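Computed from a prediction, not measured in an experiment: that's the story for all the values here. Throughout, protein chains are lettered first and strands after them, A, B, ... in sequence-line order, and every chain is numbered starting at 1.
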2 protein chains.
Amino acid sequence: MSESDLKREKIIDAARERFSHYGYPKTTIAELADDCAMSPGNIYRFFKGKIDIAVEIARREALSAVEVIEAVLECPVRSSRQRLEEVVFADLRYTFHLLENRPKTLELAQIVVSDRPQFQIESLRRERRVFQRILHEGQASGEFYIDNVAATTIALHAATTKYRYAQLFTNQTLSELERELAHVMTVIMRGLMSAQDAKPIAETIIPPEDTNAMDSAS
Amino acid sequence: MSESDLKREKIIDAARERFSHYGYPKTTIAELADDCAMSPGNIYRFFKGKIDIAVEIARREALSAVEVIEAVLECPVRSSRQRLEEVVFADLRYTFHLLENRPKTLELAQIVVSDRPQFQIESLRRERRVFQRILHEGQASGEFYIDNVAATTIALHAATTKYRYAQLFTNQTLSELERELAHVMTVIMRGLMSAQDAKPIAETIIPPEDTNAMDSAS
DNA sequence: ATAGTGAATAATTTATTGATTGTTCAATTT
DNA sequence: AAATTGAACAATCAATAAATTATTCACTAT
């Protein structure tokens, strides 16, 4: 790691410390420069602007969050079904505790997203990839009956929206949410494991379209 | 309708007009009094405070929104399944257009909810009752296999969270959302229509509790 | 008594100013 | 040359003053 890279890391560390302690708005470039024993101007040789430091921190945070979820994939389980449930519940618990114990992390993420909407889109996509892997496995093993894995992944992810950063939507307790999610998963699991056909009559409700981006989405 | 009630209605009408046009904060009691040809002080003989006028308007709005959804129940359909899909799609479209065409309505609702959290809880409960009625019907007719209708209603409602006021969560277009919801409903429908047992292994994941408010919730 | 007023007051919002901060860049050091 | 500085400038924020507004209430009219 080059001399330059080390200094960049030092800025990130100093920023992480101050952002999580005092918040993004209350942290000044001058303070970060002080922490790194350099001048304010010099910070700009490493980052285009203050917001870009936040983006970098949020990006790493998001990556390590997915890693936490992915870690669940390593544990040996009886079935794809159990794997899927574990991942969904891990998501609920991880994001719930994040908001409870480190609220500044959400604040930072919201600031980043409001400036860089693409950031959220990519975070969600990364998360979906974990879901998709499980669905693929389940399909391959014959445990799940899915004719369009990509679309079903998106559906599953959408149906569990309420259980990511749940405090944004409700003031239920974690155990209330856990019990509720258990019921949601019961219905979904029966849907994934059922061999019977249940093509949406929705096709009579929504107008069809030629190019359907979702069906090939990753 | 008494003289007094008529005046109360006049205040509500004037407020609705101004709130939807200029927004709640920019509307003054003095203006409403002017509109109704009365003094500011007299408004307070009809409402305890400014916020209570907003509460009354939001309450009526919420009731008529549920009525729109309930109207779908009147149409003759082939199955409970179709009924359920129509209601869910109606919800998506109604709330989507609401935010698109009358953004002040959301603003008002958010102001009311931030002051009266109970308001939101009751609105959601009313909406769930429509879902519950359909699930009951489907169960009675043998079309759905549901062992706990109350819990499944809550699960269904939670799983479709993203499709109520969808613009709060995403900037997808209405047709993207419609296609996505169709896939969500495909999975859920298979879950509801499947006779096979799929008790959650979640019970091994979440700790059980003696008093489970949800299982008897309406 | 009931309905209504409008000036008085308390609470909130808006405007303004001064101070702080993000960012740039010509000059300096390594 | 590459790295760094720090003063200059523009943008943003905080504090406070000014104005507006919500609410009350003693009083008047019906």
Discussion item. Check whether B:F46 forms a cation-pi arrangement with B:K10 (NZ or CZ under 6.0 Å from the six-membered ring centre, at most 45° off the ring normal).
Written reply: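 That pair does not qualify as a cation-pi contact.
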Which one, [options], comes nearest to the side chain of [X]?
X     : options                : answer
B:Y44 : C:dT5, D:dT24, C:dG4   : D:dT24
A:S39 : D:dG6, C:dA3, C:dG6    : D:dG6
A:K26 : D:dA14, C:dT24, C:dT14 : D:dA14
A:K50 : C:dG22, D:dA22, C:dT5  : C:dG22
B:R45 : C:dT14, C:dT23, C:dG4  : C:dG4

Item to complete: Using a strict 4.0 Å threshold on nitrogen-to-oxygen distance, state whether B:E122 and B:R128 make a salt bridge.
Response: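 No, B:E122 and B:R128 are not salt-bridged.
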Fill in: Presence of salt bridge, A:E86 and A:R83, under 4.0 angstrom
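No salt bridge links A:R83 with A:E86.
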Practice prompt. Could you check A:M38 against A:P25 and say which one's nearest nucleotide on DNA chain D is further toward the 5' end?
Written response: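 The 5'-side residue here is A:M38.
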Worksheet item: Less than 6.0 Å separating the ring centroids of B:Y94 and B:Y165?
Response: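 B:Y94 vs B:Y165: aromatic centres not under 6.0 Å.
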Worksheet entry | Closest-nucleotide 5' rank along DNA chain C - winner of A:E31 and A:N42 |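 The answer here is A:E31.
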Practice prompt. Using a 4.0 Å heavy-atom cut-off across all strands, classify B:T28 as base, sugar-phosphate, or nothing.
Written response: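 Result for B:T28 = sugar-phosphate.
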Discussion item. Counting only side-chain nitrogens and oxygens, does A:K7 get under 4.0 Å of the OP1 or OP2 atom of D:dA3?
Written reply: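 No, because none of the side-chain N or O atoms of A:K7 sits under 4.0 Å from OP1 or OP2 of D:dA3.
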